[in-house]
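Okay, structure first, notes after.
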Amino acid sequence: MINFTLKQLSALLAQKQLSSVELTQAYLERVARLNPGLNVFVTVDADKSLAQARAADALLAAGKAQPLTGIPLAHKDIFCAKGWRTTCGSKMLANFISPYDAHVVEKLNAAGAVILGKTNMDEFAMGSSTETCFFGPVKNPWDRTRVPGGSSGGSAAAVAARMAPAAIGTDTGGSIRQPAALTGICGLKPTYGVVSRYGMIAYASSLDQGGPMARSAEDLALLLNAMAGFDARDSTSLERPAEDYARLLAAPAAAKLPLGGLRIGVPKEYFGAGLDSDVAAAVEAALAQFEQLGAKRVAISLPNAALSVPAYYVIAPAEASSNLSRFDGVRYGYRAPEYGDLADMYAKSRAQGFGAEVKRRILIGTYVLSHGYYDAYYLKAQKIRRLIAQDFAAAYRQCDLIMGPTSPSVAFALGAKVADPVQMYLIDIYTVAANLAGLPAMSIPCGFGEGGLPVGLQLAGNYFAEAQMLAAAHQYQLATDWHLRQPAGTE
Amino acid sequence: MDWEVVIGIETHAQLSTVSKIFSGAATQFGAAPNVQACAVDIALPGVLPVLNRGAVERAIRFGLAVGGPEVISRRSVFARKNYFYPDLPKGYQISQYELPIVTGGIVKIQTEGGEKTVRLTRAHLEEDAGKSLHEDFHGMSGIDLNRAGTPLLEIVTEPDMRGAEEAVAYAKALHALVRWIGICDGNMQEGSFRCDANVSVRRPGAPLGTRREIKNLNSFRFLQQAIEYEVRWQIETLQDGGSIQQATVLFDPDKGETRMMRTKEDAHDYRYFPDPDLLPLVISDATIEQIRSELPELPQAKRERYQREFGLPSAYAVSLTQSIEVASYFEATVAAAGSDNAKPAANWILGELAGALNSTGIDIGASPMSSKQLAGLLLRMRDNTISGKMAKDVFDAMWAGEGDADSIIERRGLRQISDAGELEKIVDGVLAANQKSVEEYRAGKEKAFNALVGQAMKATKGKGNPAQINEILKKKLAG
């Protein structure tokens, strides 16, 4: 059962061969068994989950089921869920019970899905290894001495270890795609504005986007169908007609080759220094596989690619420094037990409530926005952001999708980059550009590298190209089985 | 040697929307603490702002009233002003910074030297903060977030005013205008309209002096007193050889003094940047045109029309347009009494009625005497049914709630005697009974005539038409 796709589970539930309570119970048992070793879930509440499962079973019995009805999903602990502790991986919110649902949570609940639990993450989504969390690091199910990537490392590991059939995460600079790559699963960051940010605790508002994490492209499409949609409570939410992201999955019957006519842009900047050879080899093999499926490879250039990490690490901390000001110990969240005056209360509560990486980014962000530095940093970064978007606009005149590695290396050892933030930031080299441009991008497993660890292939598309990206990934997954591999020790 | 006073004013006008500028919570004044603060207002993790269309429409109305479509920005941007304070839940205030919704515009004010134009620098939309309550919490402070997120229009002038009187005239004109166009209730006690005054002094012709900003003046009287005190203080300081440091000061109404709040050195670095949660505010020509078509006739236009259409003196036109309620009352009275009664209507409204309203503290909108009742009185004066003296009594009776003019005249028997035959008979009697006065008059004592008029009026119990009695007397005395 634990290797069934969402589509298969959905069919079993609809045919009453399985109840949501049974399914939820089975996953809760796996969570109980595997979590102590992997530290994937921050909060599990069996009573709540099973209550939802029973409600889902009632819907199924009444014939009112939707595709996700009765399916348990792991939620990154950045999504506010009513009555659930919502920590964002921080001591600051370690005891915060959300009084409301995020739009995404509301939508998934309405679709009849079950909240299986809240997954561990880098504190306030600031990190690329899920090591900055207050609740301790998440272990990579493929090798417990390695990181799962981040910041949605808990959600990624949950799916990889079959502790949940699928999960939801958020991606500000690669936080869905990079952990998906490092744990051998699939993850998609939609076009900015497709998924509402309401109730998703903000890290960098102009970059944050929620998205699905699952074992196949097909499952991602199913989840995205339930997550996407206009929300009047998010001013950056896009008002456009609903679309079926699974509509292009079946290749046209007439086509000799399923991906015939597809132009895949391969940026030369993504294959230079810094890319590990094992990752390069797996990605090259995947590109060859796409060519066999009928796609045509086009050499392209993204001349400003190297500027994306520096621009990102100005804009994201700038927004974060302001977004995190609300965590002041006044109304909710952590307050220092002892303090003198008001300023002291702020200083102590924030000094004790935030971890080192969060403080580092607040300091960077405060600095780049301060008087006299704004033009040199923040404004300049915004200009680079426009240049990067222009690079993509030019590229998409030459190709339909852009492919390359998701991450320059396979999962690295726990603690390996903790002392060197710049090395940690450079892991995002291939992923942050899509966030800066607001473009959709995804990662799928495409082989194994050093230490038998998974390698991810990044597929990126033009605005609203999610269905096209998912279709290409699906055809690849029909021809390969990388996405079906399960880490040893998670049986 | 002379000093010139230079004043610029920043006004926070609370916009009269039902809900807040970025949330759906109510904006009503006086609710129990924190009952009007929703998830967005208390800045729970994950919540987002959504701009209230009503606040934007009100800002557009203001732009149209002070300058027309050309002062309204087709694209304006909300920024975050970052600072920590317990009544600022997000740790930043959302406020338009580099690109405000209104740039430019003018407000005309009436001064002793005639009409003067005050130029506006800008007007921008922003949210209000909550309130810190420092009493009744046993050494702790309470936070009330009901006001957090209330929409404000901050209206900033150029340093165009040259004294406390002009500053007050501007504040009054602006206060009347925002109420006139229905964007702010103008309630100063409740803080719906509060002014900050930037004050400096200089020698005439010299560059601008260093200014000090007096914060949060919530009455015209305090505005006047604070500026007067501040000007005296600055001049004395300079004359004593001191210098002015840029600073923010508070006015203490009890002591009648301003005192230092913070100097420029304490100024925050607010780290403004465009709020990524809100898209730039784009306003179309069509929206502006739609709002323009719904705008009431503005005070300046009315002022000019009253002079042109009704031949009213400028001072009358200014007074009648002090508020939209006064203007509406005047126009309704004229509509019922005819435009040839416009001048007496203005006289009564600005005289008797204003006096009665003032002494009872009633607003003209709630006047116990309707414009229709006043019109009824004017009509009876014009057709000579009653004299001006009797009209005063009728007015008082109407004010006291005794009904309309006609029924009061009837009931009290106040109808004026205008019957020539009857009046002649009465005058004959008066002349016969007052031979002494008649002789005095004929001997050249003009005063004697007035005595005779008085006797005749007395004989008619005050109901005789004074003009007619005058005429008859003159005729008879001459004969």
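Just so it is clear, the structure is predicted and the values come from calculations on it, not from any experiment.
Residue B:L48 holds its CG atom at 7.0 Å from OG of A:S205, rounded to the nearest 0.5 Å. Atom CG in B:D277 sits 4.5 Å away from atom CZ in A:R197 (nearest 0.5 Å).
More than 12 heavy-atom neighbours from other residues, nucleotides or ligands sit within 6.0 angstrom of CD on B:E294. Taking a 6.0 Å sphere around CD of B:E158, one finds it holds more than 12 heavy atoms contributed by other residues, nucleotides or ligands. The neighbour count for A:Y377 OH, taken as heavy atoms of other residues, nucleotides or ligands under 6.0 Å away, does not exceed 12.
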Check the pair B:V47 / A:Y100 against side-chain contact (heavy atoms from CB on, under 4.5 Å), numbers first and verdict last.
CA-CA 10 Å; B:V47 297; A:Y100 79 104; 3.6 Å; yes

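Using a 4.5 Å cut-off between heavy atoms, A:Y373 does not touch chain B at all. Within the 4.5 angstrom heavy-atom criterion, only side-chain atoms of B:D269, from C-beta onward, approach chain A. Only the side chain of A:L93 comes within less than 4.5 Å of a heavy atom of chain B; its backbone N, CA, C and O stay farther away. Using a 4.5 Å cut-off between heavy atoms, A:Y378 contacts chain B through its side chain alone, with no backbone atom that close. Using a 4.5 Å cut-off between heavy atoms, A:F327 contacts chain B through its side chain alone, with no backbone atom that close. Both the backbone and the side chain of A:T366 come within contact range of chain B, judged by heavy atoms closer than 4.5 Å. Residue A:L207 does not touch chain B at all, counting heavy-atom pairs closer than 4.5 Å. For chain B, no part of A:A204 is nearby; none of its heavy atoms comes within less than 4.5 Å. Proximity to chain B is absent for every atom of A:A343, based on heavy atoms less than 4.5 angstrom apart.
Here the two rings, on A:Y374 and B:F273, have centers that are 6.0 Å apart or farther.
Donor-acceptor pairing under 3.5 Å is recorded for the side chains of A:N323 and B:R80. Residues B:R271 and A:S370 bring no donor and acceptor atom of their side chains to less than 3.5 Å of each other.
When A:H371, A:M345, A:R331 are compared by the number of non-hydrogen pairs under 4.5 Å with chain B, A:R331 comes out ahead. With chain B as partner, the option from A:F79, A:F96, A:Y332 having the largest number of non-hydrogen pairs under 4.5 angstrom is A:Y332.
Among residues at least two apart or in separate chains, ring pair (Phe, Tyr, Trp, His ring centres under 6.0 Å) pairs with a member in residues 22-43 of chain B are B:F22-B:F78.
Remark: A:F354 engages A:F124 in a ring pair (Phe, Tyr, Trp, His ring centres under 6.0 Å) (not counting sequence neighbours). Under the side-chain contact (heavy atoms from CB on, under 4.5 Å) criterion, A:P190 pairs with A:L188, A:V194, A:V195, A:Q209, A:L224, A:E466, not counting sequence neighbours.
Side chain of A:T236 to main chain of B:P276: no donor-acceptor pair is present (N/O by atom type, distance under 3.5 Å, no hydrogens or angles). In this structure, A:R326 contributes its side chain and B:L44 its backbone to a donor-acceptor pair below 3.5 Å.
For a heavy-atom cut-off of 4.5 Å, chain A lies close to B:N82, B:F84, B:Y85, B:P86, B:P89, B:K90, B:G91, B:Y92 in residues 82-92 of chain B.
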